[in-house]
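Report on the following structure.
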Amino acid sequence: MLRPTPTLDRVLDTVITRNPGEVEFHQAVREVLESLGPVLAKHPEYAEAKVIERICEPERQLMFRVPWTDDRGEIHVNRGFRVEFNSALGPFKGGLRFHPSVYLGIVKFLGFEQIFKNALTGMAIGGGKGGADFDPKGRSDAEVMRFCQSFMTELYRHLGEHTDVPAGDIGVGARELGYLFGQYKRITNRYESGVLTGKGLGWGGARGRAEATGYGTVFFLRDMLLTRGEDLDGATALVSGSGNVAINAIEKVHAFGGTVLACSDSGGYIVDEKGIDTGVLREIKEVERGRLSLYADRVPHAEYVRGTDTFWHVPATIALPCATQNELTEDDAVKLVGNGCRAVAEGANMPSTPGAVRVFRDAGVAFAPGKAANAGGVATSALEMQQNAAREAWTFERTEARLAEIMTEIHGRCHAAAEEYGAPGDYVLGANVAGFLRVAEATVALGVI
Ligand code: NDP
């Protein structure tokens with residue numbers, strides 16, 4: 001593992017002191033800075049212009065009260081966030097997460113990652129992220145609507161298609177985005193479609209956006225395997241989570257001839273040796289909003305294991321962590337490698353702990369970090385903005401073909417940067433360097449702002 005240089009060490013110390021207790025944010029910054037030593041050696045002008053210090057400090061951080069009333073008339077008060085991290089390349093762009101674990105450190109880690117991810121797409125989008133410590137689970141549609149309306153009543157003044165364009169993330173799907181967009185439209189008196197992405201197909205959404213993150217992760221995985229002369233045909237895979245990213249990743253692995261043996265939610269996991277049935281999974285998760293245990297009721301040969309244990313001990317050749325940050329630990333990585341796992345692609349953001357990443361790299365496992373592998377979601381959001389601006393609606397096939405091209409371009413950028421900076425095949429270094437270089441160039445060009 002590379003070490004940050006003295007300059008980078010100093011930047012990291014400042015980030016830790018200035019953002020106390022925000023451990024996920026520290027982890028994300030450390031991981032990027034560990035890759036940048038060779039870049040500063042080649043481009044000392046970026047150190048002189050304090051580019052890294054400027055990138056590590058968000059342009060704007062918003063924190064606000066979100067009061068709302070439940071169906072019994074009881075009042076609740078949640079906390080809302082939007083971190084507008086960096087707009088050197090375009091308007092702030094990144095999702096909203098509704099989950100009880102959300103606090104400033106999570107939003108900042110996600111916003112920081114988003115800067116480099118968005119740069120890797122080659123598109124004109126800056127980085128941001130937001131959310132709230134609200135748990136939509138178990139809430140009625142009317143309660144979710146009232147929460148979303150209250151959230152947007154504050155957030156709307158900070159948004160705009162040229163300023164800040166949110167999308168979904170954990171706990172924020174088409175239902176929540178509908179209520180958020182409706183309230184934005186009502187307050188501003190503007191049908192400004194380009195202000196939110198991930199919208200429903202009937203009101204400005206783009207075909208293929210819902211599938212894009214999961215499909216894109218598998219496209220990146222395929223490209224990574226191709227460079228090693230391998231493919232997905234006949235592979236076995238484990239996919240954590242059973243939300244938007246996981247379900248679509250499972251579908252695409254199957255389309256490429258692989259078999260996904262297991263998936264999970266926060267209550268347990270399923271092992272289905274015949275391959276997870278995505279039709280059944282979609283019905284349970286997307287239509288009924290039910291628990292994964294229902295899968296075993298409907299597919300009798302499947303095994304359901306309740307609890308918080310993970311399934312990374314199940315033998316498989318591919319791992320796709322698609323649930324949440326730090327869900328795959330060093331011990332899990334050791335089990336995966338011991339069972340012959342040869343490739344890992346992160347559908348989620350930062351799902352592997354630093355110890356797990358070290359194990360994968362040391363074992364020569366092909367490892368695709370989230371900021372590269374899951375960038376297909378935000379890239380397709382940018383395609384949605386493009387369609388909204390042109391008042392066009394592309395076919396699903398056109399979007400999917402463009403997504404595949406974009407993922408191949410991102411893979412190529414990461415691969416080339418890793419080679420150029422002396423670490424062939426190291427996609428962590430390649431993604432960090434290629435993303436950073438694009439932001440750094442724009443940062444210098446725009447002056448000290
Ligand atoms: P969803 O809310 O659709 O699904 C999340 C899944 O992960 C659910 O199965 C959920 O289980 C599980 N999960 C969430 N938190 C935890 C936890 N603390 N412990 C165990 N399981 C958990 O979210 P998405 O699929 O949209 O997002 C998944 C990941 O992908 C996140 O890291 C997100 O940041 C990332 N991502 C998403 C993009 C998108 O376009 N949606 C784009 C790029 C990255 P349960 O239902 O039981 O809570």
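Counting starts at 1 for both ligands and their atoms, in listed order. Not measured: the values here are computed from a predicted model. Throughout, numbering of the chain's residues begins at 1 and tracks the sequence.
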Original post:
CE/M385 to NE2/H162 distance, rounded to the nearest 0.5 angstrom?
Top reply: 8.5 Å

Original post:
Partners of Y304 by ring-ring contact (aromatic ring centres under 6.0 Å, His included), sequence neighbours excluded?
Top reply: none

**OP:** Decide yes or no for Q114 and K93: does some side-chain heavy atom of the first lie under 4.5 Å from some side-chain heavy atom of the second?
**Re:** no

Original post:
What pairs of residues pass the salt bridge (charged side-chain N to carboxylate O under 4.0 Å, His left out) test when at least one of them lies in residues 100-110, not counting sequence neighbours?
Top reply: E22-K108

Original post:
So how far is it from F311 CZ to L261 CG, rounded to the nearest 0.5 Å?
Top reply: 9.5 Å

Original post:
Got the residues with a heavy atom under 4.0 Å of ligand 1, by chain and number?
Top reply: R97, H99, K117, K137, D169, I170, G171, R209, T213, G241, S242, G243, N244, V245, S264, D265, S266, R291, C322, A323, T324, G347, A348, N349, N374

Original post:
side chain to side chain contact (heavy atoms under 4.5 Å, CB included) with R282: which residues, sequence neighbours excluded?
Top reply: I247, N248, E251, E286

